[in-house]
Amino acid sequence: TRLRTVVSRSSRDGCFKVELLASTDAAAAGEEPFVSAARATVVMANAYPTPPAPLPPLGETQVVPDPYAADALFHGPAFHLLRELRFGQGGSTSQLAPAAGTVPTGLLNQGLLDALLHGIPNDSPSQWIPEISNDLCQLPCALSEVTIHGPPPRSGSVRCEVRLEGLESDRRRVSYR
């Protein structure tokens with residue numbers, strides 16, 4: 001797969017429209033060789049915004065056995081940043097080690113961004129939403145908004161909080177914060 005990124009200025013100062021295009025097999029048939037894979041509006045600023053208040057504690061939680069060892073997550077060792085995971089009613093609290101994996105840090109520490117999602121019961125969604133069958137696997141498919149409040153952590157420990165917001169109208173997708 002080949003990727004192409006298209007960036008254009010928006011009508012607002014400091015804003016850019018960004019689109020990620022991915023190659024397809026259609027080029028051999030004479031069709032458009034690239035299709036849109038993702039779109040975003042990127043807002044640049046001179047300073048980081050103030051972070052939001054932390055989410056309230058979950059209340060009673062239970063330690064979850066290591067999801068890597070239990071094969072609950074398919075990630076290889078390069079992505080093993082999760083050090084502790086606790087599930088509660090409709091949410092999780094986890095501790096991540098940003099320096100633990102071998103994924104290149106890049107501008108946003110993409111390995112850490114991926115590990116933020118390791119606190120979701122992807123292979124057993126009924127843990128949080130009984131109406132969803134465990135026949136379905138929940139993998140993130142969209143981000144409605146991302147704000148960056150400082151440089152990405154590269155060492156130490158990072159606490160990650162995930163909260164269930166609810167089931168989307170199609171009854172198959174779930175929203176988290």
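When reading the values below, keep in mind they use all heavy atoms of this one structure, side chains included, and skip hydrogens, waters and symmetry mates.
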Shortest non-hydrogen contact from [X] toward [Y]:
X    : Y    : answer
S92  : F87  : CB-CD2, 3.5 Å
P104 : Q110 : O-NE2, 3.1 Å
S94  : L82  : CB-CD1, 3.5 Å
Y48  : I148 : CD2-O, 3.6 Å
L85  : P67  : CD2-CG, 4.4 Å
A115 : L81  : CB-CB, 3.8 Å

Report yes or no: does [X] contribute a side-chain atom to a donor-acceptor pair with the main-chain N or O of [Y] at less than 3.5 Å?
X    : Y    : answer
S10  : C15  : no
R83  : V158 : no
N109 : P153 : yes

In terms of hydrophobic clustering (I, L, V, M, F, W, Y; side-chain heavy atoms under 4.5 Å; direct or indirect links), are [X] and [Y] co-clustered?
X    : Y    : value
L108 : L116 : yes
L117 : V64  : yes
L112 : V146 : yes
F34  : V6   : yes

Worksheet entry | Point-to-point distance, once rounded to the nearest 0.5 Å, from CD1 of I120 to CH2 of W128 | 6.5 Å
Worksheet item: What's the spacing between R177 CZ and L55 CG if we round to 0.5 Å?
Response: 5.0 Å
Worksheet item: What is the ring orientation for H118 with H75, classed by angle as parallel under 30°, tilted 30 to 60°, or perpendicular over 60°?
Response: tilted
Discussion item. Using the rule given for side chain to side chain contact (heavy atoms under 4.5 Å, CB included), can you reason through L96 versus E84, listing the C-alpha separation, both sets of side-chain angles and the distance that settles it, and then say yes or no?
Written reply: CA-CA 7 Å; L96 308 173; E84 179 182 297; over 6 Å; no
Worksheet item: Is the distance between the ring centroids of Y68 and H80 under 6.0 Å?
Response: yes
Worksheet entry | Basic-acidic side-chain contact under 4.0 Å: E161, R159 | yes
Item to complete: State whether a side-chain donor-acceptor pair under 3.5 Å links T61 with R86.
Response: yes
Item to complete: List the steps, then state whether side chain to side chain contact (heavy atoms under 4.5 Å, CB included) holds for L3 with L21.
Response: CA-CA 6 Å; L3 299 174; L21 304 171; over 6 Å; no
Practice prompt. Look at atom CD of Q89 and say whether more than 12 heavy atoms of other residues, nucleotides or ligands are closer to it than 6.0 Å.
Written response: no
Discussion item. If you apply the rule side chain to side chain contact (heavy atoms under 4.5 Å, CB included), what do you find for I129 with L167, and how did you get there?
Written reply: CA-CA 8 Å; I129 304 175; L167 208 50; 4.2 Å; yes
Discussion item. The test is side chain to side chain contact (heavy atoms under 4.5 Å, CB included); show your working for R12 and V43 and say whether it passes.
Written reply: CA-CA 9 Å; R12 291 178 31 211; V43 180; 4.1 Å; yes
Discussion item. Measuring only between side-chain heavy atoms, which start at C-beta, is M44 closer than 4.5 Å to F16?
Written reply: yes
Worksheet item: Should N122 and F74 count as side-chain neighbours, where that means a heavy-atom distance under 4.5 Å?
Response: no
